[in-house]
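This is a predicted model, so every value here is computed, not measured. Reckoned from all heavy atoms, side chains included, excluding hydrogens, waters and symmetry mates.
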There are 2 protein chains.
Amino acid sequence: MFVKGMKALSSKQQSIVDYIRRFLVDRGYPPSIRDIVDGCGISSTSVVDYNLKILDERGYIRRHAEVSRGIELLAWSPISRFQVPIIGQIAAGEPIPVPTSDTWDVAASSETLEVTEDLTQSKEGVYALRVKGTSMVDALINDGDIILMQYVNVVENGEMAAVWLKAEKEITLKKVYVEPSRIRLQPANSEMRPIYTDPENVEIQGKVIAVIRQLV
Amino acid sequence: MFVKGMKALSSKQQSIVDYIRRFLVDRGYPPSIRDIVDGCGISSTSVVDYNLKILDERGYIRRHAEVSRGIELLAWSPISRFQVPIIGQIAAGEPIPVPTSDTWDVAASSETLEVTEDLTQSKEGVYALRVKGTSMVDALINDGDIILMQYVNVVENGEMAAVWLKAEKEITLKKVYVEPSRIRLQPANSEMRPIYTDPENVEIQGKVIAVIRQLV
DNA sequence: TTTTTAATAGAACAAATGTTCGTTAAAGGG
DNA sequence: CCCTTTAACGAACATTTGTTCTATTAAAAA
């Protein structure tokens, strides 16, 4: 999160911050002081040094002494992103593909989704599925949505999970409640009726930790 | 996206890539060759240089000659993230807060959401709202969801938008279709009925570009 | 006006860091 | 067995790059 109460920057300082960000974005490493001299049309390295000190004090950047290009941009910390493999699609009529060590390997999977860490909460075993068809609308999940899944076999009461119904040969996304001698599968949409079934008939295939829908 | 067809890496090369990523994540700038020597327990800078050359050839990194710490991690380019201000909530009974230059300022807004660029598609004027209440379920949007909005006053036919209905004093998320002498507001849920209303009665408040739902 | 403070200049220095090169060791290939 | 390729070694070197220092100018305060 962002720290409030930052003092206003001079136009030169603002342009330095912008330049650092831009440089970082398209080169992947921070600029040197002399890069900034050139990039911002500043006349001397000491002027840049002078302003970097101020930016450091005010919390916009962190400088690492005696480290080349040791400028860390705090106003936008380039950390905590995640590559999640999209290992297949989920449809009503077919079980979801079981994640193997192959599909786990982000490098090996053909499609990946880039998410920030606060979405996955840095959990292990996260993968993504593309939803096919409208059979999950009662879970407020539409055709084309992408769901972030965590690979688990057991879920807490009330958690949304991908459930494979053996008899029906159908997969569905429901909130799972264990009741005496039966399992209640509750749609996310409160106006819809739950399904009751035998514990033997259900197989938890994973837990839904997020839904992402992109419209155009 | 990831490029396929990469050859397998030796364990040493793998550990170098991992170390670079880790270093980048918690320091904000790339490691020097000597950092890698220490961090990976390698005996000589030339060994690191040798392996970095290979990683460069195989497309895992890009080295920038004669630049200190000039290592760009391609297997995960640390670019394209976005701070989107969460400027308020959207509920049925009240109009959404109009984004001002104040709320636009990411530094000024108390809450922000970090998203990757492929979600916002690097558009300008993107903000986020937290959905309050279940009045948008027919748009497959639930209480607590976060919607990414783009500030526009006009939408294309069929696009999902936040619409303020003046007479009803109500805001709703619907697909907007302009028909002769009336506006059709179509719920995302195909089983639900559209609303027809007068063009004078509607006020477009923004366009929904993504929906994010986080389940524990 | 005088004094202080903020900002700029430019150069010289020192430390950090990438690069090169001759050698050696191990692992196949013929 | 010799020869080529791959990998590792370590030191010396050259460049890049951060740092420092003094002088100068501009604006603000007294």
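For the pair B:Ile33 CD1 and D:dC13 C1', the interatomic distance rounds to 14 Å; values are reported in whole Å. At whole-Å resolution of the value, CD1 in B:Ile71 and P in D:dT16 are 17 Å apart. Between the P atom of C:dT17 and the NE2 atom of B:His64 lies a distance of 17 Å, rounded to the nearest Å. With rounding to whole Å, A:Leu52 atom CG is found 15 Å from D:dT17 atom P. Atom pair A:Ile54:CD1 and C:dT8:C1' shows a separation of 12 Å (rounding to whole Å applied). For the pair B:Gln13 CD and D:dT6 P, the interatomic distance rounds to 12 Å; values are reported in whole Å. For the pair B:Tyr29 OH and C:dA16 C1', the interatomic distance rounds to 12 Å; values are reported in whole Å. B:Arg62 has its CZ atom 19 Å from the C1' atom of C:dG18, to the nearest Å.
With DNA chain D read from its 5' end, the first of the two nearest nucleotides for B:Thr45 and B:Glu66 is the one closest to B:Thr45. Two residues, B:Ser68 and B:Asn51, neighbour DNA chain D, and the one matched to the more 5' nucleotide by heavy-atom proximity is B:Asn51.
Using a 4.0 Å heavy-atom criterion, one finds that B:Ser46 contacts the bases of the nucleic acid, with or without backbone contacts as well. Using a 4.0 Å heavy-atom criterion, one finds that A:Ser44 contacts the bases of the nucleic acid, with or without backbone contacts as well.
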List the steps, then state whether side chain to side chain contact (heavy atoms under 4.5 Å, CB included) holds for A:Ile71 with A:Leu55.
CA-CA 11 Å; A:Ile71 300 175; A:Leu55 290 174; over 6 Å; no

Could you go step by step and tell me if A:Leu165 and A:Val163 meet the side chain to side chain contact (heavy atoms under 4.5 Å, CB included) rule?
CA-CA 6 Å; A:Leu165 299 173; A:Val163 180; 4.0 Å; yes

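Side-chain N/O atoms of B:Arg69 include none lying less than 4.0 angstrom from OP1 or OP2 on C:dG18. Contact annotation: A:Lys12 reaches the phosphate of C:dT8 (side-chain N/O to OP1 or OP2, under 4.0 Å). Dashed line: the shortest gap from a side-chain N or O of B:Tyr50 to OP1 or OP2 of D:dA8 is not under 4.0 Å.
With rounding to the nearest 0.5 Å, the separation of CD1 in B:Ile61 from CD in B:Gln13 is 10.0 Å.
Contact of the B:Phe23 side chain with the B:Ile36 side chain is not registered, since no non-hydrogen atoms from C-beta on lie closer than 4.5 Å.
When distances are taken from the side chain of B:Arg63 to each of C:dT17, D:dT6, C:dT19, the shortest belongs to C:dT19. Of the candidate nucleotides C:dT17, C:dT19, D:dT19, C:dT19 has the atom nearest to the side chain of B:Asp49. Checked against D:dA7, C:dT17, D:dT19, the side chain of A:Val67 finds its nearest nucleotide in C:dT17.
With hydrogens and angles ignored, a donor-acceptor pair closer than 3.5 Å exists between the side chain of B:Arg34 and the base of C:dG18.
A side-chain donor from one of A:Ser32 and A:Asp35 sits under 3.5 Å from a side-chain acceptor of the other.
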